[in-house]
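Order of the sequence lines sets the chain letters (A, B, ...), proteins ahead of strands, with each chain counted from 1. Predicted model, so just to flag it, every value in this text is computed and none were measured.
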Amino acid sequence: MIPLMKVLLGVFERGLIFSLVSSALFFAARIIRFNDLSVEGSFGLGGALTALLIAKGCLPWATLPLTLVAGACVGMCTGLLHVRLGIGNLICGIIVATALFSVSLKVGGSNLALMQLPTIFKTTALPASALLLMIVALCTLALYLFLKTDIGFVLRAVGSNPQMVTSLGKWRAAYKVGGLMLVNAVAALAGGLFVQYVGYFSIWANVGVMIVGIAGLMLSEAMSRGFGVQIIAGAMAYQCIIAATFELNIDQDWNKLVTAVLIVALIAMRSVHTQQEDW
Amino acid sequence: MKNRSAIFICLLLFTTFAAMVMVKKKIAQQHKVRYTIGILQTATHPALDATRDGFIHELQQQLKSDVAFVVKNGEGTINHIYTIAQQFSADETIDAIFAIATPAAQAAASAEKEKPIIIAAVTDPKSLDIIHPTTNVTGVSDKLDVVKQLEAVRLFIPHARRYGILLNPAERNAIAHADRMAKELRKQNIQIIKIGVNAEAELPAALSSALPSIDVLIAPTDNMVALAMPLIVTLTQQYHVPFIVSDNLLVSYGALMSRGVDFELGGRMAARMAVELLVHKKKAHQMPIKTQPVEKIYVNTKEMNRLGLSVPEQLKNQVVMIDQR
């Protein structure tokens, strides 16, 4: 039992961290309808910044709001590229993600170890899973309540019915940029939490984060559309799939194929009659 | 209805997963081999594969049927590598973890604090903050003897005045090596240009612009270089520039020479440390990290002839000639 519990605990904790990425992608893809690839870059930057600050002696808790700010700046860049220069969704994201690779490399180096340094998980008596649960539940709740406010409503209109935003007298471009700032802020927070969780920063950690976020999102939508607890459940389900792939003692070269097959099996339940999204 | 079937499938997946973990434990207990070692490999890569093979062969020679291995590969994804490390930590049948390369070493040290961890193919273990008086980590570092390496290069190609150092600036190992190389070369008043390439796709452009203006191209132990060997070799041969590598394995792929790291030897040395830890019950913190001895120089026969060079007298008895792969 104990090994199973330990493995599940790992799945639970990582699922929580990456559910923030899935939430961010939910806002990007479903709310403001902007497929934002710079989320990967924000994740990396959040991590790099957290590692650098902790190495310089900053309080671990203080790094969390700072990652939100950093992510917001990234979102602003992506947004401004889009609304001011008219660059398309995907290209904006790619440009910013590419630029952020260099920025993260300069900020955190290629690798920064936090093994003996304080992190939020070492400074409290609570176990890591409880702490993560609190933080992620708080963020998810905040985002959920935000969607119910007037600003949240306009943000949804930006994606689904842009003309209405203008007819309401709101500045559509500003809301789009604001939405992207929110998306990247949450992703940066996830990156910071990940670095504190594993205890080191690696420039390669943000490769593939988009896939993890999207897969979590799709799995949550297979359960129930909309925003809520299912996002967290979807992210955990994906981490479960990854863990399951490694439990199978197969030729290691097939790992990624097995992961793909397991995802397809779960998503195949999605009815073909529902509205087709890009992903 | 759709939602319910989705939740049902999720529960099914969960139960299957739980069953897999429990059954695996049952099977392991029935066929319990004396020592089971979990090998966590960072990525598929000639050097790391050689480390793994060296480790496995040496242990099989020493412990014969008393040892079993569980080999898992994270394929370069940090999250997966950490997942595997955590699974090894949770698995009670695994007695020790062998972590190959920096990401694996970090993940293993982060996830497991008690079982012994042996690392290999890590250039600078000290900077990872995992070595301290109560550590459970020990192993082999692939720190290069840059002075000896450059000495050999200078004897081979004495008239070279401009060196190009090719590396991926995102790899910590590579940067550390490159900086030491640059420092040594500057002492000899040799001009250096650093060619930083983040992805294989950028290599042709970067090399085509740098190769015409350098006499020698040298690369530290770098994963990108290792994986892009055919591409780099094609270009260096086109421009008649000698290509020096730091991973002895790569000489057979077309580089001129190497006096660097023998990853298979690293694996073997790590295996001997594993025997000390498991059989002789030594503690990891009693065993400092070992570095590899650098004696032999590996030279590619075809490349040497193509460039019109020959083995210098002083190095004759240290040189091992390698055939092109």
Handout entry: Atom pair CG (B/Asn168) and OG (A/Ser110), whose distance is rounded to the nearest 0.5 Å
Key = 9.0 Å
Exercise for the section: Look at B/Ile84, B/Thr77, B/Val71 and state which one has the largest set of heavy-atom pairs under 4.5 Å with chain A. Expected result: B/Ile84
Problem - Gap between atom CG of B/Asn79 and atom CZ of A/Phe18 - 0.5 Å precision - result: 4.0 Å
Handout entry: Donor-acceptor contact below 3.5 Å, side chain B/Gln87 vs main chain A/Ala243
Key = yes
Handout entry: Positions in residues 40-55 of chain B that reach chain A, provided some heavy atom is under 4.5 Å away
Key = B/Thr44
Handout entry: Pairwise distance CG(A/Asn111) to CD(B/Gln106) - rounded to 0.5 angstrom
Key = 4.0 Å
Practice task
Measure the spacing between CD1 of B/Ile81 and CZ of A/Phe246 and express it to the nearest 0.5 Å.
Solution key: 8.5 Å
Problem - Structural part of A/Leu8 lying under 4.5 Å from a heavy atom of chain B - result: side chain
Completion exercise
From the list A/Tyr200, A/Tyr197, A/Trp204, ring pair (Phe, Tyr, Trp, His ring centres under 6.0 Å) with B/Tyr82 holds only for A/Tyr197
Practice task
Check whether more than 12 heavy atoms from other residues, nucleotides or ligands sit under 6.0 Å from atom NZ of B/Lys126, and answer yes or no.
Solution key: no
Problem - B/Asp124, part contacting chain A, at a heavy-atom distance under 4.5 Å - result: neither
Completion exercise
Under 4.5 Å to a heavy atom of chain B? For A/Gln239 that would be side chain
Problem - Heavy-atom side-chain proximity of B/Leu128 to A/Met115 below 4.5 angstrom - result: no
